[in-house]
Participant: 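Before I ask anything, let me first share the structure, which is written out below as structure tokens.
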Amino acid sequence: MPSLPPRAPRTRLSRLTWPVFAYALFEEFILLYPLYALLFHDTGLSVAQISSLFVIWALSGVVVAVPAGAWADVVPRRHLLAAAPLLAAAGFTLWLLLPSYAAFALGFALWGVGGALSSGAFEALVHSELDRRGAADRYARVMGTARALGVAAVGTATLLAVPVMAVGGYPAVGAASVAACALCSAAALALPEHRVPDTSPRGPRAAAARYTAVLRGGLAEAASSRPLRRAIALVVVVTALWGVLDEYVPLLADEAGVPARTVPVVVLVVWVLVTLGGLFAGAGERLGPIGLAVVTALAAVAVAAGALLGSPVGWVLLGLGFGACQMLSVVADARLQARITGSARATVTSLAGLGTDVLTVCVYGLYAGAYAFVGHAVAFTLVAIPYLAVALALTHLRRRASIPARL
């Protein structure tokens, strides 16, 4: 009987996990989240202008994603993680001090770049530090908890935004958001990070050479490994689809006839179940391809049925489907990290982030087109259908003799 890997002592992991959890919490504890669209509207922006801001936000992250990932393999990752929320804070400050289309656009660009700096670097740092402690098998559990805390932070910030807005208006909401970003940056600086001492030549030319080598190494590893490419594709598809649908839950509830005052209750139900999904990521990591295929298929059915029912039972089903997708997202990320063997971990991880951003933008466009013809409920169902294809692909991989039993 093979021996199990030794479990890292709790005290050794807490030095890592507490800053990780704090970072995930404060990164999403932004009271401006539910109100920034209203801020833009109150400033006089049109719907077309507001939509263009979202495009700027998405594209800034897409452009910077892979270069930022390579950068995170060259310089200390925790420094980039500390800078990321400060860029968002700078953007929020611009919005409040100089409310105009130009300031909003620049703020979104800063926010998008900050997101690109943290995407890839965060996962790479957590996996590398867990691996150093002999606890790489706990990655899914740690990241699942971090994702759950992020979802809970969004819900809490949304609930607090209303009374804070009533008392202090946009300045108070903005100040609270900037403070959360500062705390997030402090949590990043508290992260432990052990790097191999750099004995290479110094200077701009040597730094550029190191950066180029890391970028090429990460891209080459992804291009040469079919299992790694499959792992990246799984992260992209599983994460992007339900991430888009999550944004439309309030509109789906409104279409189903839920009174405006009750819509937050529907959203809260979904958030609670998504949070639980993240907490079950550790258990999901133990599933083989067939088990993951079953969960993926059930998630697709639950999302579609919940959207079509548009009732209390439907909202629970929708939340269960999203919770399963949250768990699958964490498990897919864990499988991706396990497939990376080179030193350019953040670079490879950033490819998954880039793919997720690109697919997200595409799905937003497809959803808008579908909604125009069939409404929100059927649009939800259409976007959930690809999860059935993912389930079939997982089953096919399990049956191929040349593929290991675990994805």
Side-chain angles (χ1 to χ4, degrees), residues 28-42 45-48 50-51 53-55 57-58 108 147-148 150-166 170 173 177 239-278 299 302-326 329 360-361 363-384:
E28 300 294 344
F29 191 71
I30 307 298
L31 271 65
L32 272 172
Y33 273 162
L35 296 171
Y36 60 69
L38 184 60
L39 170 64
F40 303 156
H41 180 269
D42 291 346
L45 269 62
S46 66
V47 174
I50 294 174
S51 299
L53 292 175
F54 294 150
V55 173
W57 188 15
F108 264 130
R147 298 278 181 86
V151 174
V154 172
T156 304
T158 300
L159 293 175
L160 288 177
V162 175
V164 172
M165 180 70 176
Y170 290 120
V173 172
S177 301
T239 304
L241 297 179
W242 83 272
V244 169
L245 293 181
D246 180 57
E247 300 290 341
Y248 292 99
V249 170
L251 299 179
L252 174 68
D254 179 72
E255 180 184 80
V258 176
R261 65 181 180 279
T262 312
V263 169
V265 177
V266 173
V267 176
L268 180 62
V269 169
V270 174
W271 274 340
V272 168
L273 293 172
V274 170
T275 302
L276 292 177
V303 170
L308 292 172
L309 285 174
S311 64
V313 173
W315 308 135
V316 172
L317 284 174
L318 186 65
L320 289 172
F322 281 177
C325 291
Q326 173 77 301
S329 298
T360 296
V361 172
V363 175
Y364 272 129
L366 293 173
Y367 185 95
Y371 164 72
F373 291 98
V374 297
H376 287 293
V378 177
F380 264 64
T381 302
L382 294 175
V383 175

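By convention here, the first residue in the shown sequence is residue 1. No experiment lies behind these values; they were computed from the predicted model shown.
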Participant: Check whether any side-chain heavy atom of L276 lies under 4.5 Å from a side-chain heavy atom of L273, and answer yes or no.
Facilitator: yes
Participant: With distance as the sole test, does E255 use its side chain to make a donor-acceptor pair with the main-chain N or O of A377 at under 3.5 Å?
Facilitator: yes
Participant: With a 4.5 Å limit on heavy-atom distance, are the side chains of F29 and L160 in contact?
Facilitator: yes
Participant: First locate atom CG of D254, then atom NE2 of H376, and finally report the distance between them rounded to the nearest 0.5 Å.
Facilitator: 7.5 Å
Participant: For V258 and V266, which heavy atoms make the closest approach, and how far apart are they?
Facilitator: CG1-CG2, 4.2 Å
Participant: Hey, are the side chains of L252 and L318 touching, using non-hydrogen atoms and a 4.5 Å cut-off?
Facilitator: yes
Participant: What orientation do Y367 and Y371 show, parallel under 30°, tilted 30 to 60°, or perpendicular over 60°?
Facilitator: parallel
Participant: So, for G310 and A256, which heavy atoms are closest and what is the spacing to 0.1 Å?
Facilitator: O-CB, 3.8 Å
Participant: Find out whether V249 and L245 are in side-chain contact, i.e. whether some heavy atom of one side chain is under 4.5 Å from a heavy atom of the other.
Facilitator: no
Participant: Between W242 and F322, how do the two ring planes meet: parallel, tilted or perpendicular, split at 30° and 60°?
Facilitator: tilted
Participant: Looking only at heavy atoms, what is the nearest atom pair of F380 and A307, with distance?
Facilitator: CB-CB, 3.5 Å
Participant: Side chains of W271 and T158 only: does a donor on one sit below 3.5 Å from an acceptor on the other?
Facilitator: no
Participant: Roughly how far apart are T156 OG1 and L31 CG, rounded to 0.5 Å?
Facilitator: 10.0 Å
Participant: Might you point out which heavy atoms bring G321 and A299 nearest each other, and give the distance in Å?
Facilitator: O-CB, 3.8 Å
Participant: Please check this pair: side chain of S177 against backbone of I30, looking for a donor-acceptor N/O pair closer than 3.5 Å.
Facilitator: no
Participant: What is the distance from atom CG of L35 to atom NE2 of H41, rounded to the nearest 0.5 Å?
Facilitator: 14.0 Å
Participant: How about L317 and L309: do any of their side-chain heavy atoms sit closer than 4.5 Å?
Facilitator: yes
Participant: Taking atom CD of Q326 and atom OG1 of T275, what is their separation to the nearest 0.5 Å?
Facilitator: 8.0 Å
Participant: Heavy atoms only: give me the nearest S329-R147 pair and the separation to one decimal.
Facilitator: CB-NH1, 4.0 Å
Participant: Does any part of the side chain of L53, heavy atoms only, come nearer than 4.5 Å to the side chain of L45, both counted from C-beta?
Facilitator: yes
